[in-house]
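Everything on this sheet refers to the single structure shown next.
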Amino acid sequence: MSSSTSASPEPKKGLFGRRKKVKDRSKPGWFAQIRQVFAMTRKADPAAVWWMLLAALAVLVVAVVVGVLVDQLVYVMVLGIPLAVLVAVLILGRRAERAAFAQIEGQPGATSAVLGQLRRGWFYDQEPVAAEAGGTMRGMRDLHNAAMVFRAVGRPGVVLLAEGPKGPAQRLLTAERKRVARVVGEEVPVHTITVGSGEGQVPLRGVVKKIKGLPKKLSNDEATVVQQRMKALGKNRAPVPAGMDPSRAPRMSRRALRGR
């Protein structure tokens, strides 16, 4: 029997003899992504639907008024309807971002999830570089009261971020800053950020904006060298408290944050 029957069929060719790309069914399309984000946002923030409708309606009203004034209602509406949809999608993206932060805020390791938004030129660790577990609850570690310090390295220098109870978090942050300063020297800035909703703290949703706003003092090559030094320092860091699994830290959906 010929083996040609078992061979997979060749992809069909489109116009100009080009082969059509085979769609990956495991990856949802643009519309499916919007639908997923919309469902997640509506569940976490029911008011988002009304804000989207209100924004789209406001754009349409403005388009109608302008169209009547210039006596080109049909032409202006052709432009106004896509613009109304675009504004609604932008509102969805903003509300989805808030919903994503609300889902992970207050969870141990939430800072690590936020650091995942940093772009190229930044190095960060998924695991905390220093940690101090909280008290016990029913004979088990209460990790929701654990203090942790995370680290990111980029052109602004070394950024240390602490989360957890204010007292233990500040002690860990101060100790880690001294350790890092001894390794990188005075020429490399070491910034400290305390994540939280209290006075002098940075809210979780403002962490990335705060980091990106830091002045750039190093080149890309210098930042790479500093990261290598930090890796050497990490070999001597204190172990993560028992019961804490950094690999199970919350992860934030980048797709939701981009409204896609």
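- Applying the 4.5 Å side-chain rule to ILVMFWY residues, one finds L60, V64, V68, M77, I81 in the same cluster as L73.
- A distance of 7.0 Å separates CZ in R95 from CH2 in W51, rounded to the nearest 0.5 Å.
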Derivation and outcome, side-chain contact (heavy atoms from CB on, under 4.5 Å), residues V207 and V202: CA-CA 6 Å; V207 168; V202 179; 4.2 Å; yes
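- By the salt bridge (charged side-chain N to carboxylate O under 4.0 Å, His left out) test, R155 is found to be paired with no residue, residues two or more places apart in sequence or in another chain being considered.
- Scanning both residues, D125 and V129, for their nearest heavy atoms gives OD2-CG1, 3.8 Å.
- Remark: K217 engages P189, P215 in a side-chain contact (heavy atoms from CB on, under 4.5 Å) (not counting sequence neighbours).
- When all heavy atoms of V76 and A63 are compared, the pair lying nearest together is CG1-O, 3.1 Å.
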Please tabulate, for the side chains in residues 159-173, all donor-acceptor contacts under 3.5 angstrom to protein atoms that are two or more places apart in sequence or on a different chain.
{"residue": "E163", "atom": "OE1", "partner": "T111", "partner atom": "N", "Å": "3.1"}
{"residue": "E163", "atom": "OE1", "partner": "T111", "partner atom": "OG1", "Å": "2.6"}
{"residue": "E163", "atom": "OE2", "partner": "G109", "partner atom": "N", "Å": "2.8"}

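- The minimum heavy-atom distance between V59 and G80, with the atom names listed, is CG1-O, 3.9 Å.
- Surrounding CD of E186 are at most 12 heavy atoms belonging to other residues, nucleotides or ligands under 6.0 Å away.
- Looking at residues two or more places apart in sequence or on another chain, you find a side-chain contact (heavy atoms from CB on, under 4.5 Å) between L53 and V49, W50.
- Clustering ILVMFWY residues whenever any of their side-chain heavy atoms sit less than 4.5 angstrom apart, transitively, puts L86 in a cluster other than the one holding V78.
- Within the 4.5 Å cutoff, the side chain of Y75 has no heavy atoms near those of the V70 side chain.
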Working for side-chain contact (heavy atoms from CB on, under 4.5 Å), residues F123 and V226: CA-CA 10 Å; F123 307 92; V226 172; over 6 Å; no
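- Partners of R120 according to the side-chain contact (heavy atoms from CB on, under 4.5 Å) rule, which considers only residues two or more places apart in sequence or in another chain, do not exist here.
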Test side-chain contact (heavy atoms from CB on, under 4.5 Å) on L115 and F150 and set out the steps. CA-CA 9 Å; L115 290 179; F150 294 87; 4.1 Å; yes
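- The NZ atom of K210 lies 10.0 Å from the NE2 atom of H191; values are rounded to the nearest 0.5 Å.
- Every residue two or more places apart in sequence or in another chain that forms a side-chain contact (heavy atoms from CB on, under 4.5 Å) with V208 is listed here: V114, Q117, L118, K212.
- Between M230 and V183, the shortest heavy-atom distance links the atoms CE-CG1, 4.0 Å.
- Note that CD of E187 is 9.0 Å distant from CD of E222, once rounded to the nearest 0.5 Å.
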